[in-house]
Each structure stands twice: as C-alpha cells, then as structure tokens.
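See structure below.
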Amino acid sequence: MELHTLTLITIVAEPVLEERLTRRLLELGATGYTVMDIRGRGTRGIRTGDIPGQGIRIETLVTDEVAEAILEEATASWFPHYAVVVWASPARVVRGDKYVEG
Amino acid sequence: MELHTLTLITIVAEPVLEERLTRRLLELGATGYTVMDIRGRGTRGIRTGDIPGQGIRIETLVTDEVAEAILEEATASWFPHYAVVVWASPARVVRGDKYVEG
Amino acid sequence: MELHTLTLITIVAEPVLEERLTRRLLELGATGYTVMDIRGRGTRGIRTGDIPGQGIRIETLVTDEVAEAILEEATASWFPHYAVVVWASPARVVRGDKYVEG
Amino acid sequence: MSGQEATLLPAADLLRPCPRGVLPLTEILRLNLLSPITLAFALGIFARVVKSEFSLPRQMYTGLGIYLLFALGLKGGVELAKEPLGVIILPVAVTLVLGCIRPLTSYAVLRKLGGFNTDDSAGIAAHYGSVSAVTFIAALTFLEGMREPVEGYLPTLLAILESPGIHIALAIGALKQADRTESMGSVLHEVLTGRTMILLVGGLVVGYFMAPGTWDQVAGFYDGAVFKGALCLFLLEMGVVAGERLGDLKESGLFLLAFGVIMAVIHGVVGVGAGLLAGLSPGGATVLGAMSASASYIAAPPAVRMTLPAANPTLSLTASLAITFPFNIIFGIPLYYQVALWMT
Amino acid sequence: MSGQEATLLPAADLLRPCPRGVLPLTEILRLNLLSPITLAFALGIFARVVKSEFSLPRQMYTGLGIYLLFALGLKGGVELAKEPLGVIILPVAVTLVLGCIRPLTSYAVLRKLGGFNTDDSAGIAAHYGSVSAVTFIAALTFLEGMREPVEGYLPTLLAILESPGIHIALAIGALKQADRTESMGSVLHEVLTGRTMILLVGGLVVGYFMAPGTWDQVAGFYDGAVFKGALCLFLLEMGVVAGERLGDLKESGLFLLAFGVIMAVIHGVVGVGAGLLAGLSPGGATVLGAMSASASYIAAPPAVRMTLPAANPTLSLTASLAITFPFNIIFGIPLYYQVALWMT
Amino acid sequence: MSGQEATLLPAADLLRPCPRGVLPLTEILRLNLLSPITLAFALGIFARVVKSEFSLPRQMYTGLGIYLLFALGLKGGVELAKEPLGVIILPVAVTLVLGCIRPLTSYAVLRKLGGFNTDDSAGIAAHYGSVSAVTFIAALTFLEGMREPVEGYLPTLLAILESPGIHIALAIGALKQADRTESMGSVLHEVLTGRTMILLVGGLVVGYFMAPGTWDQVAGFYDGAVFKGALCLFLLEMGVVAGERLGDLKESGLFLLAFGVIMAVIHGVVGVGAGLLAGLSPGGATVLGAMSASASYIAAPPAVRMTLPAANPTLSLTASLAITFPFNIIFGIPLYYQVALWMT
Ligand SMILES: Nc1ncnc2c1ncn2[C@@H]1O[C@H](COP(=O)(O)O)[C@@H](O)[C@H]1O
Ligand SMILES: Nc1ncnc2c1ncn2[C@@H]1O[C@H](COP(=O)(O)O)[C@@H](O)[C@H]1O
Ligand SMILES: Nc1ncnc2c1ncn2[C@@H]1O[C@H](COP(=O)(O)O)[C@@H](O)[C@H]1O
Ligand code: NA
Ligand code: NA
Ligand code: NA
C-alpha cells in the first residue's frame, strides 16, 4: 500500500468565486478539487447573491510546492478583496502519485 | 506569507442543535464557523425532525485555548445528552491573526 | 477531558458507491460515518447518474488498525475500478473510546 | 373543502349522490382506503419495506410541507373573513380546553399505566398534546369526498391546538427534573415562530386581509387539484419516513402500539363531542375529533429534543408517525365521522 | 393523453382539424420541432453551448422527474382499470420479447461491427435494452398534438420494458468476464426497487385501485397543462445535461453517432411492427416504437456502473443522452408515426 | 396579464367594474397593500423581525425564480409573435436610452450628493442601472387587478433593460480605478449567459416560435393562478431575505434610504413619460416606469462582486432589496399608474 503525504488545502469562500478559484487552483498545479455548499459566519459577513450566509468550501489535495503557491496567491490576491478563509493540513493519500502534475 | 497554526474543531451533531452550538462557539471565543448538511450513521442513531439520518457538521478554526474550552464543554455538556461527535486537528491558516478574538 | 488520537479517513467517490462503501466501512470495523454531497473535478472525470460532476464525500473516524484495513481495501479494490480519492489524517477525538468496536 | 362544495366538487359525481349517513361504515372505510392519499402513503411504506432507496429530495419534501401549510392558512383566512367573529368564540374555547387536557391524559397514561420514566412520558405527551396538520388535511379531504360540509374557519382551531399542549407537557417534564438544557422561554419562542406557526397563522392573516376577489386569482394554485395532488406526493414521502420507523415498532413494544391507537380513539371521540357541544356541524366536529386524536411529528420533536434531551426521540416519533398517524388516516377519521353522525 | 381527446384538447384547435395522415411528414416534423418540449430541450443545449452556468437546482430536477413518473403511473393505472385485462396480454407479450431481443441486437452490433470490448458492449447494450420514460412521454404528447388516440394502458408496457434488457445485458457482461464487483442479485434488487419502478409501477397500482371519481380530484395536478408545463422545465434541464455531453461526442467517434441513430430507427420500426401485430392502434404502435427505439439514462447507468466498472460510462451516456434521445424526440417519433400509418 | 383580460379575468369581479381612473389613489393603494403578493412579502419580513428561523429551502427559492422567469419569457414570446415587429421599435429604443441614463444618474447622485467612493458608487449604480424582474411581475399583476390592458411584448423590454446598465456602471468603476480583478469580457459573458437572460430571452424565443395553439396546452401551468400562487411563495421568501437586511439599514444611514426612494420615483416618472412618448398604453407606460424605478438584486450583485470587489455589497443589496423593492411594490407601482393616467 503506497501512501504519499500531501497537503490538503481547504478554502471557504463566497459562492461568486467558485469558478475563478477552481480555475486558479488548476492553473497553479492542482489536479482536482472537491466543492461543497456551506453556510457560515465570520467577521466580515460579506456574501453576495440573494441569500446571505451562504458560501462554498473547496478542498484540494496538492504537493507541497503547489500548496505554497496557492497559499501565497491566497494571501496576496484573494484575502485583501474577498471573504475567504484558507487553511492547510497534512494528509496521507492513497495513490498520492496521481496528484503530482506532469 | 504569514501562516499561523490553529486548531480546527469539527463537530457532527443533530440539526436541532445548530443554533445552540454555534451560539456557544462564538461565546467561547470562536470568531466564525462553517456549517454543512450531512447524513450519517453512528452508534446511537438518534436524530430529530422528520427525516432520520440527517445531521449537520460544524467547523471552526480557533486558538488552542478556545479549542480547549470547546472540547471541555463538549465533553461535559453536549456529549452526555446529544448525539455529537467532536474532533480536533491542527491547521496552518492564512492570516491566522484574524481568528484571535480581542 | 479524555481525548483519543484516531485516524480520520476521508473518501471522495461516485454517488453510486455510497451504499457499498459505507457498508464496507462498517464491516471493516468503523463504528459510524458521515456523508456529504459534493461536486468536483479530477483526472478521470468519471461520474454516473444523470448529473455529471456530482459526488459524495465520506468521513469516518477509526482506530489505526481499522484505518489500515480501509486504506488497503481502497488501494486494492476500489481504486482500480472507480473514481475514488482516499486520504487519512490524525484527529484528537472527544470520547474516542466510543469508536473502538467490541 | 371548507364548506364550498359548489366550487370544490363541480362535477359532483365523486360518489353517487346519497343521503348523508346512509353509506355503511365498511363502505366508508373502503372508500377512504382507496383514496389517492391513503394509497400514496401505503406506497411510501411499501417502498421502505422492500428496502427501496427511493425518497423525495429533502428540500422538495420541506417545500411541499410549506406549500400545504400556507395554502391551508390562506383558505382558512379567506373563510374566516366571511364569518362574524362571535361565531368562533365557543369552538376556540373548547379547542383550548382540548389543548390543555390532552397532554395531561397522555402523561398520566404513559407514566402510570406504561411505566415510562418522567422524561419519556413528558416527551411523548408533548407530541400527543400538539396536533398533526396532515391528519387535519386528510380529514378535510375525506369529508369533501363524503360531501359533508365543514366550517371554513377550522384552520384557526388547528393553529390554536398546535402549541399549548407542547408547553404543558414540557413544563411537567421540567418540574419533575432538573436536567433541562434549554430555557422554557427559548422553546416557547422556537415553537411560536416555527415553520408551522408562521405559515399557518401567517396564512390565516394574509387570507383574512386579502382584498375581496384576490383569492380567486390564486385559488387554482392553493386549492383544488393542485393542493390534493401535492398532498399525495407529500404523503408518499411520509409513508417512506413512517416505513423507516416500522422497524422500531418491535423494540418499543406492544404498549406503545396500544397507546397510539387507544389514545387516538379516546381523544378523537372527546374531540367530536366537544366540537358538537360548541355548536360545530357534524363535519366540523369530525375534523376537531381528528385533530384531537392526532399527534405532532413536526413541531414537537425539536422542542422536546432541545428541552428534555434525556427523552428518547425514537419512542415519540414511532408512536406519532408510525402508529397514530396511519391509524387516523385509515381508520380513525371515518370512525370519528360515524361518531359525529351518531351523536347528532 | 391516453385517448381522452375530449378532455385533453378542449379548445381543440391545436391544429386545424384534418383527417389523420393527411399532414405531410415535413409539416409533422415542423410542428414537432416547434413544440414547447423540443424548444425547451434546444434552449437547454444552447445554454450549455454558450457556456452558461445555468442549470436547474439538482433537487428540483429530481423532483420534476419524480412528479412526471408518478403522474404517468397514476394516469396509466386509471386507464388500465377501465380495460378488461385480457386485452393487454398480447401487447405485454410482445413488449417482453422486445425487452429480450433489443439488448442482444445492441450487444452484437457493438461487439462485431463496432469492435468495442465486452465490457463496453455490455454496458451500452444495457442502456439500449432498457427504455427512456421521457421519450415515452414525448411520444404521447406528440400524438396528442396529432389528435391520434392511444391505448390508456401504455404505461404498463413502459414498466415492463424497463428492466429485463438491463439484466440480460449485464448477464452477458458477467458471463464474458470475471471482474464483476457486485452480485447480480443486488443489482436486480437495485433496479426493481429503483425510483422509476417504485413511481411507475407504484403509480399504476395506486391509479388502478383508486376509488372511482377520485382521479378527477387530482387530475388537474397530474395531467393537462401542469404535466406538460413541468415536462418543459424537465426537458430544459435535460438539454443542459445533454449539451454537457456534446463535447464527448467528438472523442467517441462517428461509430457511436451512427449506432445511436441507426439502432433507434431499427428498434423503432421493429417496435411499431410488433405493436401493430399485437393489435395496438397506430398511435399505440407509435408509442411502443418510440419506447423500443429509446435508451435508458436513469435506470441503466448506476446498474452498469456497479456491475461492470470497467465499462466506460461516458460512452453509454453520450450515446443514449446526446444522440439517441434528441434524435428520437426530434425526428424519430414523427418517423415511427409515419411508419405506423403506412403499415396500417 | 399581457392584455388578455378576457382569459385572465374570467370571473371579472376582482373589483367592482368601474371606469378607469375613477378609483381614488388611496383606494388603489389600499387594494395594492391587500394583494396576496404584498401581504406575502410582509409576512416574510414579519417572520424575520420576530427572529423566526423560517425560510424557504434554497433550491425551492431558486426553482420558483426559474419558473417565474421562464413563464414570463414564454408569455412575452407568445404575445410578441402576434405583433408586427415594427410596433416595438420605438419602445425598444426608449428602453435602451433608459438603460444608459439610469446608471449615470445613479452614479452622479451617489458620488456627488452621497459622497460615496467610486467603488461603492459604481457598485450601487450597477444595481440601479439594471432591473428587478419581480417588480416587473408585480406591476403586471397590479394592472391586471386594475383591469388595465398592457402590451403583450413588455417582457422583451425587460430583457433589454437588464444588462446595459450593469456594464455602463462597471465600466465607470473600471475607468476610475485599477483594482479590478476580473476582465470586462468575462463579466459581460457572465451577465449575458446568466440565469435571467437564458430564461427570459430563451423563454421569449421559445414562446415566439412555438407552434400555434401549443401555448394553450401549457398556459394553465405558466399563467393564471399557478403563476400568481408561485409568485406569492417567492415573495414570502423575498420578504425573509429583505427582512434580514433591515438591520443593515440603520448602519447605512438615512442617505441610502432617501436615495432608494427618491431615485425610484424619479426613474419611475421618467420611465412612464418615456413609455407614453414611445406610444405605450397607460398600462404599458406604468410597467416601463416600474422597471425603470426598480433595482437589480439577482443579476447585478455577482457581477459587481467579481469586478469591483472593493465595493461594499451590503450597501447595494440593502438599497435595492430592503428599500427600493418594497417601496415600489407597495407605493411606487400605484403611483406610476396614477402618473400615467395623469399624463394621458
Ligand atoms: N473561524 C472560522 N472557522 C471556520 N470558518 C470560518 C471562520 N471564520 C470564517 N469562517 C467561514 O468563512 C466565511 C467568511 O468569513 P469572514 O471572511 O470572516 O466573514 C464565513 O461565512 C465562514 O463560513
Ligand atoms: N466513527 C464516526 N466517523 C465519522 N462520523 C461519525 C462516526 N460516528 C458517528 N458519526 C457521525 O455522528 C452522528 C451521530 O453519531 P452517534 O452519536 O454515534 O449516533 C452520525 O450520524 C454520524 O454522522
Ligand atoms: N486533487 C484533488 N483534491 C481534492 N479532490 C479531488 C482531487 N482529485 C480528485 N478529487 C475529487 O475526486 C473526484 C474524482 O476524481 P478523479 O478520480 O481524479 O476523476 C473528483 O470529482 C473530485 O471531487
Ligand atoms: Na406537527
Ligand atoms: Na431510464
Ligand atoms: Na435582478
């Protein structure tokens, strides 16, 4: 059984960003992602669309380098403008080689 | 890029508890939370409302002290009465200072 | 406050597998699980049912031995046939003794 | 529904015209069993029994419930506006009395005869102190099929019967023990601002104040075939949910089964009698009887869960949803109707 | 629908009255293309083609599907109750035969002419051995527009055609290789208790046993404008889903395109002939032809996915949803109608 | 709706027949306040005010919105097909002009009088440059109640007014600063292929090309009581959403309140005048006025959020949803109607 240790990046964001963020994740080197609908509350309380308090939660399993790139872009470009929450945690992944682009 | 290591608390609970649990999280020092609808199965199988097997899953990124407070309250007050599952894991968070109350 | 360190296994899979995978998890020793509906994208892009891009995400808190069994079964039996993504991460669980079968 | 046979039964050949009460009980039962509502409910149970994974999407089920309650409120409000308010004082009063005594009788029977602990007794009593809106609707639909006129303001009584019983039962539970986790005030707020109250009472008020004639603009959506058709779909899913509880029946034992049936019959007959005393028509008394005989499965469960967490929710849901509800829509309603005819 | 033109076409000026068969095929095609159903489907495809993010909420789509299937079953059951059962024995028999030979012809063509491997051949054959309920409904709606009467019990045939073909194809796949992951028994259970069967067969039974006259109470919800209007919304979303598959068409190559069209025509003409042989009216034979020509995209995909995981689901879904389905609702149905008229 | 009083008001006793314009404004206001639409909206606000957790399931709300827009488009397309296209050239032209000047006046007022920064000014102006489909529908329903005929092609004007204003306002915002995060091209694509455009314009096209007579087959679903009843449920939830914004009103200050009302009145009166100039009937001019007075809360918010992230979305949503929308449906529409009658 081969397990690779990768980084799991989780992003909570406004629904309007779904298309843009997932596009960027792939551009930065992610090989896939998983999206869920959520509701939530934070300090900014900014939400668009007709129903307040709704958001999305994106998960992507990536290599450490891709993780760095995503976290940097989040800090520099997403965070100042939008209501996003981003965190990283380690994950041991079955067939982790699949998530290395190339 | 500033990353802070915080604790991610995850709570799976009966839907009827959503309002009470999230209120308590904020009272105990959390600055926000994210809620998802889930279905599931456990040992108690207790669910309310008209549709069995449904529940909610709450995530909150908090400092270690707040995490301790939440875990203690969970052990003492929630667990004996309700079908809740609570776990903690570490997370490296972008702009983690945002999650420290004050 | 008693916290046990367990393994949290997360599985992203095709919706058609929900019943089979959750049944296997219990058979392999899990005491419960939590399921969410997701949408996503990966390298295979295989989805069944009428709406493409939809999937499920299963979480189960298990002991290390059960985790090993699940990861092995995933590698040997699920991965070759189906679009599944499986990863493991450690979690400190309130009343973790509850998740040990017997 | 609501005494407007002319509009509601335009074709008027549902049943061959026959003078009221002439149909024998067995025939009434047969017709009730073969109503689309009962059959749809049975289909839902069947789906569960054969372990089908079929069920309505959750939001569709919630949405149908919202629609049915709002429609009920609107129709009731429109009818209420036609009555001098004095007419409803007596029916309102007896309904309040029913709301107070039903949780008490339920609690007493459960605690003394059933040997349940105080938590479980109070929890189940809260369900039997409240009311099931779907049973109410089923009674109206049944009487429409019987061509039996009913008072248009009955939804007002439904709204009145909804919450007092829950609070009385929870208060008993709270008095008996200290392990409450939520204040009564917050539960009161929860129930009074819950979905059922907003839609039913809100609908009543909207219907009451709607400009004359505007009901006709929306009646085709909130009444008639659309209402009854949506009700069938709702009952299909209620069958699935009730079917899921059938397995719990074995564990919860014979007493609960007997309780669910006998309590319904007693409360039902008392309700019919109270209704006739208050001057309701036989049809109206039948509906009050059906309400009185019913048990809540929407408003009561979360209230009980929040206030008395030690009460086992499986017991109360099984009793109200898998025993009392099907008993009422299959046998109870025709029975209360017969009782109403006998008593007049 | 179902031969009741009097009630269904009250205004009766959909088309200028003209004796059956007098409309030229081009005119029939034009009218079919400009039906709200076809146009709504086209709009859905268009939305995908311009990369709109529009789509119906998932539960709404599922909910509409549930409603349509249940409505279909109910209507069919009501009509079935009017017929002596002997009348349907022959049509049922030919339908069963169609259910057995269609997966075999499909498998043979795919394996021998298409050069697909056994898994993919069996997987696609399972789709073409089953049936598309929406194609069936579109055929009924088309014939109603043509003022062509049809037998009321046709939904019974739909229910009968649904599952045998899936199992025959899966059995072939299972025989040919050992890499099955699910027992046939559990797949059989899955298909027989799936949404389509519960709603369609369950609806048939409910409609069959409903007390006389109760259908009229709910017909305004399950038939007529509400049914057709909901069908348009459903087809709007089916267009979106099919549009999403159009991209896969290029990859899957010309053979699949040819297969999806030619198989439909052959199975369609055979179905029409079999229907006429069994004594169906030209309208009924047209519908049986459309069923026979159609391919499943709801019941078959999960069954195949569970039993034959090595079969590529993209191939079968693209063929059934993006080729055969639009072909049938745009060209196929009018064609089978012409064939039925020629053959009589 | 759409000038077909004969079909839409069959009973025709909504209001006692009385010559147009004879009802005093107060009476018109009262009737509008007591319409089911206004009352349902008020009930939704009330639910929020008493902190009820009631709200429609998200997908149900989205689904109702989809249905309403598609129905609107279909009806508009059917009516459009009856007109020679020359008739609509002038109304289309004035609508385009309104689409260009409304964002400019809004921006100027916000920037100069309100002292908002360029981002917020452009963000709010994008909302007031677009249009609210629900306000449009409420105006049609109001006029139907007033038995005032309107042009059937008005939904075409709605579609035309939807997007130019958004782009003009976003272009201003983009010119004034460099901190844009999304290209105008991708926003243009987003708005032009958004839900509103697909359903409204798509519905118009489908309705336009539908074979003659087929509208009658589905009209019972897309028009009349079902349409109005669904509208009430939609407004119930809009009330909940607007009620959620009421808290923000205090923070955003008096200026926003004044802006939301005064801008509506000015744009409304200009819209009425422009409509009459273009040859619209008083009813049609009233509807154009209501459109012109309205502000978007569906199409504009995501477009603004993506292009001008520094603009505070709370300001624009509060203004359009919690101020301008209720003002229009309660006071604005009757007012624009009076203005239209005075001007003719
Ligand atoms: N501390 C937190 N833990 C978990 N989720 C959070 C937290 N803070 C914010 N969120 C999520 O992020 C969204 C935006 O938060 P904010 O940008 O703080 O308004 C909220 O709606 C929550 O879903
Ligand atoms: N071992 C587990 N892993 C993941 N989720 C669980 C586990 N056990 C219970 N749950 C979740 O917690 C809910 C309540 O569980 P229980 O209190 O054991 O009945 C279940 O419905 C599941 O959603
Ligand atoms: N790198 C990834 N990170 C997170 N989720 C993924 C990733 N790759 C795939 N997934 C999820 O797993 C599903 C199947 O992926 P695949 O088998 O690669 O087609 C996708 O639809 C995603 O929901
Ligand atoms: Na209830
Ligand atoms: Na199918
Ligand atoms: Na809008």
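Just so you know, these numbers use all the heavy atoms, side chains as well, and skip hydrogens, waters and symmetry mates. The sequence lines fix the lettering, A, B, ..., with proteins before strands; numbering per chain opens at 1.
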Task: Residue pair C/Val12 / C/Trp87: nearest heavy atoms and the distance that separates them - done: CG2-CZ3, 4.0 Å

- [ ] Please state whether the side chain, the backbone, both or neither of C/Leu61 comes within less than 4.5 Å of a heavy atom of chain B.
- [x] side chain

Task: Heavy-atom proximity to chain B below 4.5 Å, by part of C/Leu6 - done: neither

- [ ] Identify, with sequence neighbours excluded, every residue that meets side chain to side chain donor-acceptor pair (under 3.5 Å) alongside C/Thr7.
- [x] C/Asp64

Task: Contact list for residues 79-95 of chain B, test salt bridge (Lys or Arg N to Asp or Glu O under 4.0 Å), sequence neighbours left out - done: B/Glu2-B/Arg95, B/Arg95-B/Asp97

Open item on the list: Looking at B/Thr34, is its backbone amide N or carbonyl O close enough to the side chain of B/Glu59 to form a donor-acceptor pair, meaning the two atoms are under 3.5 Å apart?
Closed with: no

Open item on the list: Let's test your reading of the structure: which of C/Thr60, C/Thr5, C/Leu8 forms the most heavy-atom pairs below 4.5 Å with chain B?
Closed with: C/Leu8

TODO: Among the options B/Ser89, B/Ala76, B/Ala88, pick out the one with the most heavy-atom pairs lying under 4.5 Å from chain C.
DONE: B/Ala88

